[in-house]
Amino acid sequence: MILIFFSGIIKVMGKGSKQRLVPVGNAALDIIRRYLKMRKDFSEALFVDYHFQRLSSRWIQKMLRKYLLKVGIAKKITPHSLRHTFATHLLDAGCDIRSVQEMLGHKNLSTTQIYTHITTTKMKKIYDKVHPRA
């Protein structure tokens with residue numbers, strides 16, 4: 001596992017052996033540091049199961065579902081929908097699309113532009129709702 005901590009950013013190896021720079025808040029960085037100190041294995045993966053094996057995507061989906069139900073959220077939320085929401089919030093807040101592309105690890109900008117279409121549609125709805133001559 002290669003984690004390099006910069007000021008609020010960690011460098012991680014993602015799907016397809018792609019390196020990504022991921023912005024992380026100070027509280028999360030502190031928790032990750034404490035988690036790494038308490039681990040007694042040398043796994044390459046950051047998040048592992050009880051046998052120190054890399055967590056599968058299916059396992060993460062099941063755990064997300066479990067904890068959503070535990071806090072009373074019955075709506076179907078997937079790791080991918082959280083990723084999509086993350087990208088949309090970044091774009092809505094004015095983040096440039098190239099930075100979002102880098103964070104998501106998309107090879108082609110056209111893949112990232114799917115998120116832009118959603119925010120453009122949202123802006124048009126807001127404009128139509130509030131503009132007096134819309």
Side-chain angles (χ1 to χ4, degrees):
M1 162 184 29
I2 300 173
L3 280 178
I4 301 171
F5 295 89
F6 297 103
S7 57
I9 295 176
I10 59 173
K11 186 177 186 180
V12 298
M13 184 72 73
K15 183 178 173 183
S17 297
K18 293 180 186 175
Q19 288 188 354
R20 296 189 180 131
L21 297 176
V22 181
V24 180
N26 289 331
L29 285 174
D30 289 341
I31 290 169
I32 290 170
R33 284 187 186 105
R34 284 189 284 164
Y35 168 72
L36 290 173
K37 283 181 185 177
M38 70 170 231
R39 280 198 19 196
K40 298 184 178 14
D41 70 298
F42 298 101
S43 173
E44 291 274 324
L46 174 59
F47 300 111
V48 294
D49 63 16
Y50 298 109
H51 304 290
F52 304 112
Q53 299 296 310
R54 180 182 308 272
L55 298 180
S56 69
S57 57
R58 182 70 186 129
W59 189 92
I60 293 169
Q61 288 173 342
K62 286 172 75 173
M63 293 310 294
L64 177 61
R65 180 78 180 136
K66 174 185 171 181
Y67 288 109
L68 287 169
L69 289 172
K70 193 172 188 173
V71 297
I73 300 173
K75 184 178 178 186
K76 183 181 178 190
I77 298 173
T78 64
H80 183 75
S81 66
L82 293 176
R83 176 180 161 86
H84 201 291
T85 302
F86 167 73
T88 303
H89 283 297
L90 287 173
L91 291 167
D92 284 346
C95 187
D96 68 280
I97 194 161
R98 291 279 182 194
S99 297
V100 175
Q101 176 188 9
E102 177 72 24
M103 284 184 262
L104 295 178
H106 290 157
K107 187 175 183 179
N108 297 315
L109 186 61
S110 61
T111 307
T112 312
Q113 287 174 327
I114 294 166
Y115 299 100
T116 307
H117 171 71
I118 291 165
T119 57
T120 303
T121 303
K122 184 177 176 181
M123 281 191 281
K124 284 180 182 177
K125 285 181 182 177
I126 293 169
Y127 175 82
D128 289 342
K129 185 177 179 181
V130 299
H131 195 278
R133 295 185 186 189

(message) Any heavy-atom pair between the side chains of Pro79 and Arg83 that's under 4.5 Å?
(response) no
(request) Please report the shortest heavy-atom distance between Leu104 and Ala87, naming the atom on each side. (result) CD1-CB, 3.7 Å
(message) Nearest 0.5 Å, please: how far is CG in Leu55 from NZ in Lys62?
(response) 12.5 Å
(request) Using the rule that two of Ile, Leu, Val, Met, Phe, Trp, Tyr join whenever any of their side-chain heavy atoms come within less than 4.5 Å, decide whether Val100 and Leu109 are in one cluster. (result) yes
(request) Check whether any side-chain heavy atom of Ile77 sits under 4.5 Å from a side-chain heavy atom of Thr85, and report yes or no. (result) no
(request) For residues Ile73 and Arg65, report the shortest heavy-atom separation together with the two atoms involved. (result) O-NH1, 4.2 Å
(request) Keeping to residues at least two apart or across chains, list the ring-ring contact (aromatic ring centres under 6.0 Å, His included) pairs with something in residues 65-86. (result) His84-Tyr115
(message) For Asn108 and Thr111, which I'm curious about, is there any donor-acceptor pair between the side chains at under 3.5 Å?
(response) no
(message) If you count heavy atoms of other groups shown closer than 6.0 angstrom to CZ of Arg54, is the number above 12?
(response) no
(message) So which atom in Phe47 and which in Tyr35 form the shortest heavy-atom distance, rounded to 0.1 Å?
(response) CA-OH, 3.7 Å
(message) Taking side chain to side chain contact (heavy atoms under 4.5 Å, CB included) as the definition, give me every residue that meets it alongside Glu102, ordered by chain and number, with sequence neighbours left out.
(response) none
(message) Give me the atom names and distance for the closest heavy-atom approach of Thr78 to Leu64.
(response) C-CD2, 3.7 Å
(message) Does any part of the side chain of Arg34, heavy atoms only, come nearer than 4.5 Å to the side chain of Lys37, both counted from C-beta?
(response) no
